[in-house]
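Everything below concerns the one structure shown next.
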Amino acid sequence: MRTSWADSVSNSAAEIAISDKNSLPRPTRSTYVPPHLRSGSISDLSGPVSGTNGGSRWTGSDGGGTKPELRRQGQANSYATAGRDAAAGGGGGGRNNRSGGWDRREREVNPFGNEDKIYDIKQNFSEQENSGINFDAYEDIPVEVSGENVPPPVNTFAEIDLGEILNQNIRRCKYLKPTPVQRHAIPIALAGKDLMACAQTGSGKTAAFCFPIISGIMREPYAQRSHVGRTVYPLGLILSPTRELSCQIHDEAKKFSYQTGVKVVVAYGGAPINQQLRELERGVDILVATPGRLVDLLERARVSLQAVRYLALDEADRMLDMGFEPQIRKIVEQMNMPNRGVRQTMLFSATFPREIQRLASDFLSNHIFLAVGRVGSSTDLIVQRVEFVLESDKRSHLMDLLHAQRENGNHGKQALTLVFVETKKGADSLEHWLCMNGFPSTTIHGDRTQQERELALRSFKSGKTPILVATDVAARGLDIPHVAHVVNFDLPNDIDDYVHRIGRTGRAGKTGLATAFFNESNLSLARPLAELMQEASQEVPAWLTHYASRAPYGGNKNRRSGGRFGGSDFRREESIGKNLDYYSGGNSGNAYGGLVDIAGGYAPGVTSAWD
DNA sequence: AAAAAAT
């Protein structure tokens with residue numbers, strides 16, 4: 001049913017042409033119109049988000065016919081400076097005051113202020129988050145870029161003119177130089193291009209999509225933060241697959257947007273909605289959310305996606321897999337979000353299976369594909385071990401590992417160890433058993449209340465319970481500093497999940513250890529796991545190689561979406577052998593846009609961006 | 001088969 005990539009490009013071109021003509025970005029598919037929008041006024045409200053019509057586009061009636069409050073009017077205060085700074089070199093007018101009727105900078109809590117009090121990890125580990133990154137390794141980072149007119153990467157933040165306020169925040173974050181994914185992704189995003197980016201978490205992904213969004217909103221010549229009645233209209237939407245990840249993104253985005261006047265709000269389930277509603281009412285430019293709660297807010301008509309100019313999906317492959325895809329499709333295609341090509345869409349993940357890339361192209365318009373290895377050249381920082389452990393021996397084997405770790409550790413202190421299991425029940429039961437056996441543990445999974453989940457995470461981070469037993473809820477994106485060891489007590493069925501899980505360690509330039517318990521119930525993983533470990537120059541036990549060689553051929557969807565991490569552009573793979581070259585015009589011969597190993601003799605599906 | 005995500 002899915003149209004081919006070429007089709008989707010021409011479709012989206014057609015959509016753009018149409019929307020350029022009458023300035024009314026409309027969904028092309030038959031869409032569900034939520035009840036509160038059924039009578040009449042969608043088109044009135046869906047003018048070009050570029051703001052060329054200024055406030056006049058709001059004159060249509062909506063529900064009660066309330067004219068949205070344009071808060072900037074009459075507010076001529078110091079934000080004008082912020083706007084000019086940000087817009088310098090950006091062409092077009094500076095962004096006007098985005099504050100409400102008060103100077104938000106006076107009230108804004110300094111997000112850089114008291115972090116160390118909240119989590120006392122930094123004293124314990126005395127480490128600046130970003131100083132551990134091995135910047136010298138930058139030149140060795142393998143990069144694959146494909147797409148048309150790829151902007152060249154930058155080497156410093158100064159080259160990217162994000163404005164003085166953002167620059168200050170970058171300094172406050174102690175970011176000295178952009179990470180590889182930032183070097184490439186930020187110019188692409190600032191050029192207004194849609195983007196599909198593969199980069200390991202911990203490599204600065206969040207900043208890579210936040211900076212351009214914040215900067216873009218700051219450059220808005222017209223204040224777009226408006227509301228109709230109680231409905232708010234965010235300009236940026238960032239979706240993630242877990243509540244904790246949304247919180248984490250929100251925390252980071254708040255730092256990046258400090259004193260910019262760009263308001264970031266988070267909304268997720270499991271927490272009382274009222275506080276989130278109140279926060280939304282105070283105005284929102286960028287909404288960070290999990291899908292379920294967002295749908296709730298949309299159905300309550302407390303949020304409208306009509307003004308969204310920037311859409312970012314973190315852990316995008318997860319967001320588009322079977323469990324989430326219908327919800328995401330509903331949000332992106334069946335509410336009133338501007339079409340692809342009208343809004344800017346950015347998808348980020350460490351892994352991007354081809355199937356998901358194909359699916360994702362529904363949401364993208366002529367996107368640039370980017371795959372960047374991580375700082376420290378992919379997994380060199382993570383030592384991967386795999387051990388054959390019978391189901392019945394797993395607990396005692398884990399115990400042995402933990403004992404050994406404690407003895408070798410500093411002052412008999414247990415290093416932070418993240419233990420992944422398959423099921424929620426299994427997590428509870430293992431945690432209980434560990435506690436009974438003298439290993440202070442906690443657990444995080446979807447059957448726990450949000451309070452319990454957040455408490456568990458804090459307790460783990462602080463070292464109070466240095467063992468965290470987790471389901472896949474903790475597999476992706478979570479930035480937990482100082483995790484020394486990831487144990488795959490139960491291996492996942494999908495190699496990509498394995499990649500995400502072990503990525504919880506070896507972060508920010510530190511080394512990490514990942515141990516997997518393998519037995520006959522993991523046969524389907526034998527081949528991809530052996531391949532992955534080999535690519536990462538890890539020692540592959542002979543017995544695993546044996547299992548791998550006997551494993552059914554091609555039983556894995558990732559055979560292979562790319563190298564160890566990331567992937568390669570599915571459009572390219574599908575063009576190989578079909579004598580189609582969609583990209584010959586854009587970047588051949590360009591030092592940055594050139595395709596890595598396109599003629600390297602790999603069969604489709606087994607190309608690697610990293611070799 | 002399991003996990004996540006709204007109440």
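Chain letters run A, B, ... following the sequence lines, proteins first, then strands; residues in each count from 1.
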Nearest-neighbour nucleotide for the [X] side chain, [options] considered:
| X | options | result |
| --- | --- | --- |
| A/K424 | B/dA5, B/dT7, B/dA3 | B/dA3 |
| A/T242 | B/dA2, B/dA4, B/dA6 | B/dA4 |
| A/N493 | B/dA5, B/dA1, B/dA6 | B/dA1 |

For B/dA4, take OP1 and OP2 only and decide whether either is under 4.0 Å from a side-chain N or O of A/T290. no
Ring centres under 6.0 Å, that's the criterion: do A/W543 and A/F518 meet it? yes
For [X] and [N], what is the distance between atoms [atom1] and [atom2] respectively, to the nearest whole Å?
| X | N | atom1 | atom2 | answer |
| --- | --- | --- | --- | --- |
| A/L298 | B/dT7 | CG | P | 14 Å |
| A/R501 | B/dA4 | CZ | P | 11 Å |
| A/M335 | B/dA6 | CE | P | 14 Å |
| A/I444 | B/dA3 | CD1 | C1' | 13 Å |
| A/K425 | B/dA3 | NZ | C1' | 15 Å |
| A/L294 | B/dA6 | CG | C1' | 11 Å |
| A/D447 | B/dA2 | CG | P | 12 Å |
| A/Q327 | B/dT7 | CD | C1' | 13 Å |

Pick base, sugar-phosphate or nothing for A/G323, based on heavy-atom distances below 4.0 Å to the nucleic acid. base
Looking for any heavy atom pair under 4.0 Å, which part of the strands does A/D472 touch: base, sugar-phosphate only, or nothing? nothing
So for A/R243 and B/dA4, does any side-chain atom that can act as donor or acceptor lie under 3.5 Å from a complementary atom in the base? no
Please report the interatomic distance CZ(A/R395) to CG(A/N437), rounded to the nearest 0.5 Å. 9.0 Å
Between the side chains of A/R318 and A/E325, is the shortest nitrogen-to-carboxylate-oxygen separation below 4.0 Å, so that they form an ion pair? no
Between A/R385 and A/E387, is there a salt bridge with N-O shorter than 4.0 Å? yes
Between A/R453 and A/M322, name the one whose nearest nucleotide on DNA chain B is closer to the 5' end. A/M322
Under the 6.0 Å and 45° cation-pi test, does A/K205 pair with A/F348? no
